[in-house]
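Worksheet for the structure shown next.
In what follows, every heavy atom counts, from backbone to side chain, and hydrogens, waters and symmetry copies are set aside. Each residue takes its place number in the sequence, starting with 1.
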Amino acid sequence: MMWRSLHAAAVALGVAAAVVACGSSETPSPGTPSPAGPPGTGAAFERDVYLFDAYDAEGRRYDHPWLGGLLVPRPQFVDIDNDGDPDLFLQERSGELMFFENIGSAGSPDFRWRTDRFQDLEIGQWYVFQDLTGDGRKELMSELRFSYMQVYRNEGTLEEPRFELALDSIRDVEGRPIFADRQNIPYVTDLDCSGTLDLFLGRVDGSITHLREAERVDGWPRFERVTDYFENIAIIGQIGSMHGANAMAFIDMTGNGALDLLWGDYFEPSVLLIENTATCPDYDLDNPPEPLYTPDGNISTSGHNVPVPADLGGEGDMDLVVGVLGGAFNPNLTASANLHHYERGADGLFRKQTEQFLFGVDIGEESFVEVADVTGNGRPDLVGGNKLDPANTRTARLYLFENREGEDGRPEFHLADTISLAQSYNYAPAMGELFGSGRPDLVLGTWNDGIRVYRNLGHDEGDAAGFPRFEEVEELAIELPRGSHGTPALGDLTGNGLLDLVAGRSSGHVALWQNTGTAESPRFELVDAELGDIRVGRRSAPYLADVTGDGRLDLLVSQDEGAVLLFRNTGNAAEPRFELDEDFSVSLFGLGRAVPVDLDGSGELDLVSGNKSGGILIYRNRGGGFPDG
């Protein structure tokens with residue numbers, strides 16, 4: 001069976017990887033859990049961001065290769081362990097707070113991923129670190145559904161923080177909870193140098209509500225409303241009179257000690273600067289907003305920018321990190337370039353350093369991954385498809401990460417090639433030998449163009465790098481029984497040496513096509529549009545593999561919210577039958593597909609997956625991840 005040959009190649013990768021010390025060598029900082037996946041992942045599978053080195057097309061090594069990509073990053077820097085350098089927090093998914101420890105120095109930061117869920121805190125749609133009580137320890141403000149501001153207090157120490165819920169809401173002087181639009185990120189600072197806090201709430205009409213600390217109750221500030229139209233500010237985006245979801249930050253841009261305002265808006269491609277023309281204790285921001293200028297021109301993205309000042313050089317001047325959430329200016333264009341870093345020069349101007357501050361594998365939104373020896377070097381490569389090509393938004397694209405042997409024998413993955421085939425969206429690749437050539441052919445799921453079949457014609461003579469030449473076999477094109485987002489997988493279910501086809505779709509069902517052709521000429525016949533009555537919610541993404549070790553191909557089915565379900569094959573070659581294993585529970589990130597393969601030479605099947613954010617994830621099986629047959 002072709003799957004078995006691919007699996008053997010994958011085990012060969014594991015043997016080559018046996019010399020790898022899995023994971024990072026640094027010890028996680030106090031107060032954070034050991035690296036692991038989201039809730040529900042279980043102890044058997046452990047996420048590893050740094051397991052193997054990977055390189056981009058120019059040969060640059062990715063700093064965070066298997067981070068999983070970023071789509072809507074909301075960053076903040078805070079020295080959470082009191083070691084003198086800023087650590088990085090990042091929100092990519094609702095409710096979850098990622099943590100990157102700075103293991104470098106104040107002048108040379110080096111951020112390392114530690115966890116996707118810092119202390120398992122639930123943070124809603126936004127978060128802000130701020131010392132609200134004045135004890136020198138940062139509290140964590142975040143959204144409490146829906147649109148209130150809860151507070152976690154550090155009950156630990158400066159070096160070993162431990163956050164516990166302290167307030168269900170920040171309140172006004174009457175004791176009433178203060179409402180904050182959940183799509184906007186509030187800001188707390190001392191604008192007038194009074195020693196008390198000012199709270200600023202951006203509104204979707206482009207105005208700012210200003211509240212000032214009036215008293216303290218049990219050590220916590222209570223705020224009184226100053227105005228709903230702070231400094232007469234009315235942000236209007238470049239699209240007519242539009243204004244919308246927003247984020248703000250205060251920073252001294254002119255060096256006069258006064259805090260100026262930076263504003264990012266859904267309908268604004270730049271970061272807007274509103275200058276403060278007074279000095280403490282006064283302020284005057286009743287001035288026109290201007291796009292933030294750099295020597296290369298104004299900052300310009302797809303919109304809804306989150307500006308975050310941070311002293312990353314340890315020199316006392318603020319750099320600027322901008323999370324691009326994607327607004328009214330085609331967010332597809334920034335699906336993989338959305339965490340910008342601007343360094344401030346002696347002239348006070350910001351200069352762009354990178355659009356990928358956390359440099360990792362990121363192929364665009366909604367990545368799906370397949371493992372196959374595409375280059376013919378005997379080592380399984382990674383093939384990833386995406387929702388659409390950031391450089392050509394009329395179609396999706398495939399990316400090939402070639403598995404090469406490094407100098408010390410360790411596998412290295414190099415971005416060797418990209419290719420666009422069918423002009424359609426949501427490429428979901430599956431590979432296996434269909435035409436008897438000994439080479440892996442390609443079955444390609446799409447958004448609404450069904451499933452396409454491509455014959456592998458091999459590489460051009462003298463050129464073994466990159467993708468081989470693929471030729472579509474149009475008469476083998478498959479229409480889904482109904483629905484969209486076809487996600488195929490190949491495997492010999494009947495034991496006759498021919499690869500059959502299963503495919504998930506938007507409804508959550510899985511369909512089965514039996515291969516009734518020959519080893520050189522496949523033919524797929526639909527035998528079950530709703531295999532085993534399987535329905536897993538939305539966007540089912542199946543994969544066939546013998547994960548229980550009983551010689552029969554089981555079915556792993558992922559779904560849009562990240563759950564991976566195991567359906568054991570309890571049938572036989574004449575009639576495969578799949579039954580849900582209710583004791584198996586794995587939860588990855590949403591909109592990916594779990595592919596089992598032994599990556600670290602442990603003899604256990606690990607999991608490789610894409611996800612909504614567009615990168616590639618690796619979960620190591622620490623033993624017992626899959627049940628025995």
Side-chain angles (χ1 to χ4, degrees), residues 1-13 52 54 66 68-69 361 363-364 366-377 379-387 396-403 411 413-422 424 426-434 439-446 451-456 466-468 470 485-492 499-504 539-545 547 553 555-558 564 588 591-599 605-611 614-619:
M1 291 185 290
M2 187 59 196
W3 179 87
R4 291 191 182 282
S5 66
L6 288 176
H7 179 58
V11 173
L13 168 63
F52 301 114
W66 316 115
V361 172
I363 64 176
E366 295 185 23
S367 51
F368 281 86
V369 181
E370 175 63 297
V371 180
D373 182 10
V374 177
T375 57
N377 64 358
R379 306 171 69 87
D381 309 303
L382 299 177
V383 177
N386 58 16
K387 179 180 179 179
R397 199 163 191 86
L398 291 178
Y399 291 70
L400 171 62
F401 290 88
E402 182 182 359
N403 180 358
F413 290 91
H414 294 252
L415 178 55
D417 200 3
T418 71
I419 188 173
S420 186
L421 297 168
S424 186
N426 290 98
Y427 279 3
M431 304 197 76
E433 185 181 349
L434 294 173
R439 298 182 292 262
D441 302 297
L442 173 66
V443 176
L444 188 66
T446 66
I451 297 171
R452 309 290 188 92
V453 179
Y454 294 84
R455 186 198 310 265
N456 185 340
F467 277 114
F470 286 111
H485 294 94
T487 307
L490 293 168
D492 182 4
L499 294 180
D500 305 302
L501 172 70
V502 295
R539 298 285 295 275
S540 51
Y543 202 84
L544 287 166
V547 299
L553 295 184
L555 194 60
L556 281 178
V557 185
S558 309
V564 182
L588 308 183
L591 290 179
R593 176 182 60 186
V595 176
V597 55
D598 184 3
L599 288 175
L605 291 174
D606 308 299
L607 291 175
V608 179
S609 176
N611 73 114
I616 298 176
L617 305 160
I618 297 177
Y619 290 84

*Closest non-hydrogen atom pair, Leu490 against Gly432*: CD1-N, 3.7 Å

*Is there side-chain contact between Leu556 and Pro596, with at least one heavy-atom pair below 4.5 Å?*
yes

*Measure the spacing between CD of Glu402 and CG of Asp373 and express it to the nearest 0.5 Å.*
9.0 Å

*asked:* Between Asn611 and Leu588, is there a side-chain heavy-atom distance shorter than 4.5 Å?
replied: no

*Residues which pass side-chain contact (heavy atoms from CB on, under 4.5 Å) with Thr487, listed by chain and number, not counting sequence neighbours*: Phe368, Ala428, Ala541, Pro542, Arg593

*Can you find a pair of side-chain heavy atoms, one from Thr446 and one from Asn426, that are under 4.5 Å apart?*
no

*asked:* Return the CD to CZ distance between Glu366 and Arg539, rounded to the nearest 0.5 Å.
replied: 4.5 Å

*asked:* Which residues pass the side-chain hydrogen bond (donor to acceptor under 3.5 Å, both in side chains) test with Asp381, not counting sequence neighbours?
replied: Thr375

*If only atom types and distance count, is the side chain of Ser367 paired as donor or acceptor with the main-chain N or O of Gly615 below 3.5 Å?*
yes

*Between the main-chain N or O of Phe52 and the side-chain N or O of Trp66, is there a donor-acceptor pair closer than 3.5 Å?*
yes

_Rounded distance [0.5 Å steps], CG in Asp500 versus CG in Leu544_ = 8.5 Å

*When you measure from the side chain of Glu370 to the backbone N and O of Met431, does any donor-acceptor pair fall under 3.5 Å?*
yes

*Mind listing the closest non-hydrogen atom pair of Gly384 and Ile363 along with its distance?*
C-CD1, 3.7 Å

*Which pair of non-hydrogen atoms, one from Ser558 and one from Ala594, has the smallest distance, and what is that distance?*
OG-N, 3.1 Å

*How about Leu398 and Leu442: do any of their side-chain heavy atoms sit closer than 4.5 Å?*
yes

*Within-4.5 Å side-chain heavy-atom neighbours: Pro468 and Arg439*: no

*Is there a donor-acceptor contact under 3.5 Å from the side chain of Asp417 to the main chain of Phe467?*
yes

*asked:* To the closest 0.5 Å, what do you measure between CG (Leu382) and CG (Asn403)?
replied: 7.5 Å

_Ala396: side-chain contact (heavy atoms from CB on, under 4.5 Å) partners, not counting sequence neighbours_ = Asn386, Tyr427

*Just how far is it from atom CG of Leu444 to atom CD1 of Ile451, taken to the nearest 0.5 Å?*
9.0 Å

*Between Asp606 and Leu599, is there a donor-acceptor pair closer than 3.5 Å when you use the side chain of the first and the backbone of the second?*
yes

_Straight-line distance of Leu499 CG to Asp441 CG, nearest 0.5 Å_ = 9.0 Å

*Identify the two heavy atoms, one from Ala430 and one from Pro488, that lie closest to each other, and give their separation to 0.1 Å.*
CB-O, 3.5 Å

*Within a strict 4.5 Å, meaning less than it, do heavy atoms of the Phe413 and Ile616 side chains meet?*
no

*For the residue pair Arg452 and Tyr454, what are the closest heavy atoms and their distance?*
CB-CE1, 3.4 Å

